[in-house]
Structures are given as C-alpha cells and as structure tokens.
Trainee: 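Input: one structure, supplied below.
Numbering starts at 1 and runs along the sequence shown. Values below: every heavy atom of this structure, side chains too, minus hydrogens, waters and symmetry copies. Keep in mind that this is a model prediction, so the values were computed, not measured. In each ligand, atom 1 is the first atom listed, and ligand 1 is the first ligand listed.
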Amino acid sequence: MDAYFKELGETVLARWKSENFSLAKFPKIARAALDEQPPSAHVDLAALMRDFLLGDDQPPQTDSDFGEPELVAYHHPRFYIQLLFWMDGTTAIHQHEFSGAFHVMHGSSIHAHYEFDKAQPITPYLRVGDLRMKKMELLEAGRTVPIVSGPQTIHSLFHLDSPSVTVVVRTQNDPGTGPQFNYLPPHVAFDPTFSDKLTMRRKQLLDVLEQVGDAGYAELVAEMITELDFERGFSILYHCMHYLQELEQWVPALRVFEKKHGKLAAGVGATLQEDARRSVIKGLRSTIIEPEHRFFLALLMNAPTRDDLLALVAQRFPDQPPVDTVTRWASELTEVSDEGITILDAVFPETLVKVESNRRPELFVAAFRHFLRPGKALPTIMRDLAAVNVKAMRTVFEESALRPLIPPSSGRTR
Ligand SMILES: [Fe+2]
C-alpha cells in the first residue's frame with residue numbers, strides 16, 4: 001500500500017471518527033485533508049504505478065468500470081480513497097450516492113455544475129425536468145472539490161490531458177440519497193443501474209430486425225411506442241433513434257411518443273437530439289489529442305450558449321479575441337480526405353461543386369468565421385457565392401457539433 005495514501009486515510013479516519021462518522025461533516029474533512037497534503041504535490045505517480053504493479057500489499061479492489069481504470073489506494077469499511085485514471089474519457093452528467101471530495105492530481109479538466117429544476121418523477125428510475133448549468137470552470141492539478149450526495153452535486157468532467165488522474169476520498173454509500181441519476185440535458189434524468197430485462201431483450205430483438213433490414217421495423221417501433229408506458233417507450237425511442245434517422249422515420253416516431261404522452265414528453269425530442277450531438281463530440285475525442293483542441297471539444301459539449309463558450313475561450317486565451325482563437329482551431333481541425341473537407345463533423349457541402357478544390361478549405365473556414373460573427377459583411381472569398389450556397393454552408397454548421405457557436409440568421413428563431 002502506498003505510504004502517502006495510508007497516512008491520508010488514517011488522518012481522515014481519525015478526524016471523521018471524532019465527529020462520530022457524521023455524513024454531513026465528511027466532505028469538509030475530506031477536502032481539508034486533501035488540501036493540507038495535496039496528492040498533486042506529494043505523490044510520485046510513476047512510483048505509485050510501479051508499486052501497484054509489483055507489490056501484493058494492496059487494499060481490496062472493486063469491479064467498478066468508472067475510471068480508466070479505478071485503483072483503490074486506501075480502504076476502510078466506512079470510506080475509501082480511489083485514484084481514477086482518465087485516458088480519453090469524459091463522465092456523464094451525474095450525481096452521487098456517496099460524499100467526500102475529489103482532487104486533480106495530474107492533468108486538467110473542464111468541470112461543469114448543474115441543477116435540475118421542476119423535477120417530475122415518472123417512475124423511480126426516470127424523471128423529467130429542466131437541467132441548467134450553474135457554472136463551468138477549468139480545474140488544474142492541485143484543485144480540490146467537495147462532493148455532496150444527492151442532487152446538490154450534479155456535475156460532469158471533461159478531461160483535457162491524457163492521462164488525467166483524480167483522487168477521490170469518498171464514503172462507501174450515503175443511505176437514502178440514491179439513485180445515482182445520470183442526466184441527459186436538457187430535460188431527462190435516469191438511473192443508469194436500473195435494468196429492465198424484458199426491455200433489454202426487446203432492444204436486442206429490434207437490433208436483429210435492423211441488421212436483417214426488416215421492412216416493418218419503423219412501423220413496429222411506432223406500434224410499441226403507442227402501447228408502452230413513458231419509461232419503456234422512452235427507452236425504446238432512445239435506443240432506436242440512430243437507425244430511425246437513417247430510415248428517415250425519426251420524426252414520425254417522436255410524434256407518436258409526443259402524442260401519447262402530451263406535456264410530459266415535450267422535452268424528449270430536444271433531449272435525444274442533444275444526446276446525439278454529444279455522442280459525436282465524444283467520438284471525436286479519441287482522435288483529437290492536442291490539449292487546446294480537446295478544450296474546444298469540452299466547450300462545444302458543455303457550454304450552454306455561444307456567449308458562455310466565447311467567454312471561457314477568452315478567459316483561457318486572453319491574448320487573442322475569442323473569435324480569432326476559435327477560427328484558428330477550426331482551421332487547424334480542417335481535414336481534407338477522399339470523403340471531402342471536414343471541420344470536426346461538418347462536411348463541406350457537395351452542392352458547391354463549382355468551387356475549385358484548392359480554394360475549398362479556406363472558403364470553409366472563412367464561412368465558419370463569418371457565421372460566428374452575425375451582422376458582418378460577407379468576406380471577399382464568399383462574395384461570388386450564390387445565396388443558396390451560403391445557406392447550404394450555414395446549414396452544415398448548424399447541423400454539426402459546432403452548432404452552439406452559430407447564432408440563428410436574422411428572421412429565424414431557434
Ligand atoms: Fe462525480
């Protein structure tokens with residue numbers, strides 16, 4: 001067992017025991033102990049990894065799949081200390097059934113805090129409401145953040161460096177504060193540990209129909225949604241979304257759900273659409289390793305508005321106007337391949353066949369910059385484009401991961 005974590009664990013144990021293991025006191029105790037002897041300054045990560053690999057004197061480990069991986073560095077029946085490695089992972093937006101504090105030991109992360117208003121339970125495992133971001137901040141090595149169980153700490157982390165390592169000092173479990181909801185912004189909360197086995201098997205059976213290209217798939221899904229309750233209908237709709245979109249049957253299926261569940265279903269379409277956008281950004285993470293670009297992805301995933309996003313860019317890169325920084329990233333992220341010209345998942349429109357191929361990357365970045373700044377005149381490079389082509393370029397960005405940055409054009413609302 002690592003000597004530093006043994007000492008940290010014993011310090012926390014002595015202080016918490018003297019408070020009669022009060023759950024309310026634990027986050028403060030954990031935070032103070034981490035801040036007094038911060039792991040970021042006292043732990044030699046390479047030596048710790050070597051000891052863990054070679055020494056058998058380790059605390060009991062878990063089979064948790066949170067972290068990439070999770071190592072338990074200290075264990076007591078009431079609490080434990082874990083190290084979470086993160087390679088290209090980002091956490092879901094979640095709350096906890098435990099309390100304590102976490103500390104950034106290595107690397108840095110974007111940390112977003114949320115609150116869930118107007119929560120309406122549908123079943124014990126699913127709720128609808130309004131998820132609102134309260135704060136987004138950059139956490140660098142050395143920072144410690146308390147964790148309070150239940151809906152008081154709803155947060156997500158997007159790790160910028162690979163690996164990022166956090167140390168968590170946490171209770172085993174805080175009774176009565178479950179379930180440990182995950183949140184799908186902007187309107188849905190669900191218990192990720194709940195398993196409805198019949199629904200799981202139905203989804204697998206739908207996958208069979210998808211794989212054989214069954215012509216009745218969309219109709220069958222619509223029939224199921226008509227028959228099912230909210231929770232199970234939502235689960236089926238969520239599962240089938242991608243394939244229904246491919247079949248161009250997504251909107252009719254969503255309408256069936258909305259018709260059946262009325263007001264309760266009002267936020268479901270926006271939530272699933274947002275989830276699909278976030279999945280694209282998560283997928284891009286594994287191929288984008290430059291920390292500045294990962295920072296950009298973190299903002300695209302989490303910043304609630306264009307202004308919030310640009311304000312955070314300005315805060316981290318104060319030497320350049322944020323629109324210039326974002327344009328530079330777009331330019332660096334432009335890729336030319338056989339599939340076309342892309343900035344992240346935005347693809348240069350095929351309809352612009354008349355533009356010479358060597359001009360296209362520059363035009364694409366110029367168009368992105370133009371749409372970022374509403375009210376400005378068209379840049380020279382775009383002046384000979386027909387209005388329909390300008391619109392096609394705008395649509396490409398509006399339908400991509402870059403959407404939060406593109407304000408609606410005049411006369412339109414979104
Ligand atoms: Fe957490």
Trainee: Hey, does K282 have a side-chain heavy atom less than 4.5 Å from the side chain of M301?
Mentor: yes
Trainee: With under 30° as parallel and over 60° as perpendicular, where do the rings of H94 and H96 fit, or are they tilted in between?
Mentor: perpendicular
Trainee: Salt bridge (charged side-chain N to carboxylate O under 4.0 Å, His left out), that's the test. Do R232 and D229 meet it? Break it down for me.
Mentor: CA-CA 6 Å; R232 295 186 300 165; D229 52 281; 2.6 Å; yes
Trainee: Are the aromatic ring centres of F116 and Y183 under 6.0 angstrom apart?
Mentor: yes
Trainee: Around the Fe ion (ligand 1), how many protein N/O/S atoms fall inside 2.8 Å?
Mentor: 3
Trainee: Report the residues that fulfil salt bridge (charged side-chain N to carboxylate O under 4.0 Å, His left out) with E292, sequence neighbours left out, ordered by chain and then residue number.
Mentor: R328
Trainee: Do Q82 and E70 have side-chain N/O donor and acceptor atoms under 3.5 Å apart?
Mentor: yes
